[in-house]
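The structure is given below, and queries will be raised subsequently.
Fair warning: this is a prediction, and the values are worked out from it, not measured in the lab.
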Amino acid sequence: MLSTIVAILLHWNKVFPQQRTTHRAIKQSLSSLCVIGRRTIARSYLVQQDSSDWSSQYKLHSRCRWQPQDLFDPIFKDAIQICQGKLLPLGTDDTRLRKTGKHISSAHWGRDPLSPPFHLNLQYGLRFLHTSVLLPLHENHPVSARALPVFFQQVTPLKKPGKRATPQQKQAYRQAVKQRNLSTEAVGMMKQLRQKADRLGGQAKTLAFAMDGSFCNRTVFKAELERTILIARCRKDAKLCWPLRQGRRLYSKEVFTPDQVLKDQGRPWQQTAIFHGGKMRKLYYKEVKPILWRPAGARRELRLLVVRPTPYRKSKKGRMLYRQPAYLLTTDLETQARKLVQIYFDRWQVEVAHKELKDNFGLGQAQVRVEQAVARQPVMQVATYSAMHLAALKVYGAQRPTEFGPLPKYQRDKSRASCQEMIRQIRNEVVNKAGELPFELRITEKSILAAATI
C-alpha cells in the first residue's frame, strides 16, 4: 500500500517547482500519518529524524509557490475512470475547523453545526468548502459508496462593519456579501471542477452535485453551468408552481409546496430500491415534473422528488421509529429518479469523510498562523487522505482485506476497512519498508514514540 500511495503522490511534481520540494511535501504527508497524538507539523518533523533546518517544513506552506487545488489532480483523474456511466456523482458541503489562536487573520466566530436545535452555540475557527467524488462501489460490491475529496478550499466570510461604520460602508458591505459568499464560491467551484474534468478525460461525463439545504438558493440554481446537474434538499414550504405555456404568462396561478405533495392522497407513491446502510432497501417516493420555483429558479424547469420517511429500529426489539421526509429539487428532468436519489443518499459519505479527517487525520491541528499557510496546510492533509483511500482501493479492492486481521464480535458485520486500519497499515510499512522509497525517509518506532511525548 505504501508504494501505491507514493506513486499517486509523486504526481505532485507537476505542482511544486522543484523535485526536492515535492519530496519534502510527500515526506511530510507520510510522516503525519505515522504521528501518534496531535498531528502537528513539528511532530511530523521529529518523526522523520531529519537533521535539516526545521523551518523548511513551515516554509513549504507559507513561501513556496504552488496551487493547493492542483494536489487533487491525480486523484480526480483516477476517480473519473472508476465511475462508470454518464453521471459523475459529487457531494458538496462546508465544514468548520476549530482554532484557538487569536493571531490567525481568517479565523472567525461562526455557528457551531453540532449545537442543539434549542440553543445556538458559537465556534471559533475556519470554514472550508469541500467536494468529493462519490465512488459508487455498491454497484459491484456489497459496500457503501466512498468519498474521495477532490476540492477543499477556505471560504472566509467578510468582516461585518462595526457600530460606528458610515452608511456608505454598510452599503458597500451588503454589496460585497452578494458577490462573495458561500453560494458564489460553490458556483465557482462547480465551474472549476467542470474545467478540470474536461482536462483530465471526463468530457463525456455530466457532473451531478448533491448538496444540502444551504446551497438550495437562487445563486446556485440560477447559475449557468455547462453539463452539470444539481440535486439539493429544499424546504418543505417552498412555493412551487407549474409552467404555463399559453400566452405571455410563465407561471401558473396554482401554487403548492413539497409538504402538500407529501400529503396528497391522489398522487401515488412509487417504489424503488437503493443501497444504504450496508444493503439494498426499499424506498418510496413521489415525482413531480416539470415545475418552476419562481423565487430562486426563475424560468428554469425543475423536478421535485419527495422521499417518504424510512422506518427503522434502534435495536432488534425496539419500537418502530421514523425519520424525516426528504424534499429534493433537481435540474435533471430525464435521468431515472432512482439514480438521483441514490446519489443524494451517497452524499452522507462526505460527512463520514469530515469525521475521519478530524478524528483520525488531525485536520486543523497544525499550528500555523501565516495567512497562506492557514489556507494551504489543511488542503495537503485532505489530499493525503484522499490518496490513502484511493491507494487502498487499488491494492485491496472495495471490501475489507483479510490482511488487516480478524474483527471483534461487535464489528463482525463491517464490510470495508476503516480509516484507522489504513493508517496503521501505512505506519507499519513506512517503518519496515522505507528503503524501497525513491527518497530517504527514516522513521522508526522509537522516533514515533519520542515525538508523541513532546
Side-chain angles (χ1 to χ4, degrees), residues 87 90-94 129 155 157 171 173-191 194 206-270 285-309 324-337 339-341 343-344 347:
L87 296 181
L90 297 152
T92 299
D93 199 3
D94 65 305
L129 181 63
V155 180
Q171 179 64 22
Y173 167 76
R174 288 191 290 266
Q175 295 296 329
V177 168
K178 294 180 181 180
Q179 302 296 329
R180 181 184 171 188
N181 52 56
L182 187 61
S183 298
T184 56
E185 294 290 341
V187 172
M189 173 270 299
M190 296 176 192
K191 295 180 180 179
R194 178 68 269 177
T206 301
L207 306 187
F209 288 91
M211 302 170 289
D212 61 1
S214 60
F215 299 96
C216 190
N217 52 54
R218 68 179 65 185
T219 302
V220 177
F221 273 78
K222 283 187 177 181
E224 297 181 1
L225 303 173
E226 182 182 0
R227 288 167 293 153
T228 302
I229 65 173
L230 308 176
I231 310 169
R233 190 164 185 164
C234 69
R235 294 168 56 97
K236 66 178 181 180
D237 57 351
K239 302 299 182 181
L240 308 175
C241 66
W242 303 102
L244 195 62
R245 298 182 177 90
Q246 297 178 356
R248 299 177 60 184
R249 189 178 181 87
L250 300 176
Y251 308 98
S252 65
K253 295 182 179 180
E254 180 186 356
V255 179
F256 59 94
T257 63
D259 190 53
Q260 292 176 351
V261 176
L262 173 69
K263 300 176 181 178
D264 187 4
Q265 300 295 335
R267 191 177 296 274
W269 291 98
Q270 301 182 46
Y285 69 94
K286 291 182 180 181
E287 181 179 1
V288 183
K289 68 174 185 178
I291 60 173
L292 296 178
W293 187 18
R294 187 173 183 176
R299 302 182 182 182
R300 190 171 194 175
E301 293 187 349
L302 306 174
R303 173 160 55 160
L304 174 66
L305 299 173
V306 179
V307 181
R308 196 169 76 178
Q324 295 294 327
Y327 309 101
L328 307 180
L329 277 179
T330 175
T331 58
D332 190 344
L333 305 180
E334 301 176 356
T335 306
Q336 294 181 1
K339 295 182 179 180
L340 300 179
V341 175
I343 292 175
Y344 186 81
R347 195 199 71 88

Which class fits the ring pair Trp242 and Phe256: parallel under 30°, tilted 30 to 60°, perpendicular over 60°?
-> tilted
Would you say the side-chain atoms of Thr257 pair up with the backbone N or O of Lys239, donor to acceptor, closer than 3.5 Å?
->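 Side chain of Thr257 to backbone of Lys239, a donor-acceptor pair under 3.5 Å: no, none is there.
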Between Asp212 and Ala232, which heavy-atom pair has the shortest distance, and what is it?
->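 Closest pair (atom of Asp212, atom of Ala232, distance): O-CB, 4.3 Å.
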Look at the side chain of Thr219 and the backbone N and O of Thr184, then say whether any donor-acceptor pair between them is shorter than 3.5 Å.
->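 Here the side-chain-to-backbone pair does not exist.
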Please name the pair of heavy atoms, one in Phe221 and one in Ala296, separated by the smallest distance, quoted to 0.1 Å.
->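 Reported closest heavy-atom pair: CB-O, 4.3 Å.
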Do the side chain of Arg303 and the main chain of Asp332 share a donor and acceptor less than 3.5 angstrom apart?
->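 Yes, Arg303 side chain to Asp332 backbone: donor-acceptor pair under 3.5 Å.
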Non-hydrogen atoms of Ile343 and Ala208 that approach each other most closely = CD1-CB, 4.0 Å
CG of Leu304 to CG of Leu328: how many Å apart, nearest 0.5 Å?
-> 8.0 Å
CA sep, side-chain torsions, deciding dist, call: Arg347, Ile231, side chain to side chain contact (heavy atoms under 4.5 Å, CB included) = CA-CA 10 Å; Arg347 195 199 71 88; Ile231 310 169; over 6 Å; no
Interatomic spacing from OH in Tyr327 to SG in Cys216 - rounded to 0.5 Å = 13.5 Å
Centre of Trp269's six-membered ring, under 6.0 Å away, within 45 degrees of the axis: is that where NZ or CZ of Lys286 sits?
-> yes
Heavy-atom pair of closest approach, residues Thr331 and Thr228 | OG1-O, 4.4 Å
Residue Arg300 excluded, over 12 heavy atoms near CZ under 6.0 Å = yes
Once you round to the nearest 0.5 Å, how far does CZ of Arg267 lie from CG of Leu262?
->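 CG of Leu262 is found 12.0 Å from CZ of Arg267.
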Check whether any side-chain N or O of Lys236 sits under 3.5 Å from a backbone N or O of Asp259 as a donor-acceptor pair, and report yes or no.
-> no
CD/Glu301 to CG/Leu292 distance, rounded to the nearest 0.5 angstrom?
-> 6.0 Å
d(Asp94 CG, Leu182 CG) to nearest 0.5 Å is 5.0 Å
Nearest atoms (heavy-atom pairs only) where Pro290 meets Pro243 |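 Looks like O-CD, 3.2 Å.
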Kindly indicate, with the supporting measurements, whether the criterion side chain to side chain contact (heavy atoms under 4.5 Å, CB included) is fulfilled by Arg194 and Arg227.
-> CA-CA 8 Å; Arg194 178 68 269 177; Arg227 288 167 293 153; 3.4 Å; yes
Verify side chain to side chain contact (heavy atoms under 4.5 Å, CB included) between Leu87 and Ile229, making sure each step is shown before the conclusion.
-> CA-CA 9 Å; Leu87 296 181; Ile229 65 173; 4.0 Å; yes
Pairs involving residues 217-226, ordered by first then second residue, that meet salt bridge (charged side-chain N to carboxylate O under 4.0 Å, His left out) (sequence neighbours left out) =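 Listed once each, the pairs would be none.
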Worked check of side chain to side chain contact (heavy atoms under 4.5 Å, CB included) between Thr206 and Thr335 | CA-CA 11 Å; Thr206 301; Thr335 306; over 6 Å; no
Taking all heavy atoms of Cys241 and all of Glu254, pick out the closest pair and write down the distance.
->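 Result for this residue pair: CB-O, 3.4 Å.
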Atom pair CD (Gln175) and CD (Gln179), whose distance is rounded to the nearest 0.5 Å = 7.5 Å
Could you pull out all residues at least two apart from Tyr285 that satisfy ring-ring contact (aromatic ring centres under 6.0 Å, His included)?
-> none
May I ask you to check whether over 12 heavy atoms, not counting those of Arg294, lie within 6.0 Å of atom CZ?
-> no
Apply side chain to side chain contact (heavy atoms under 4.5 Å, CB included) to Leu250 and list each qualifying residue two or more places apart in sequence or on a separate chain.
-> Arg299
Given side chains that start at C-beta, do those of Met190 and Leu230 come closer than 4.5 Å, heavy atoms only?
-> yes
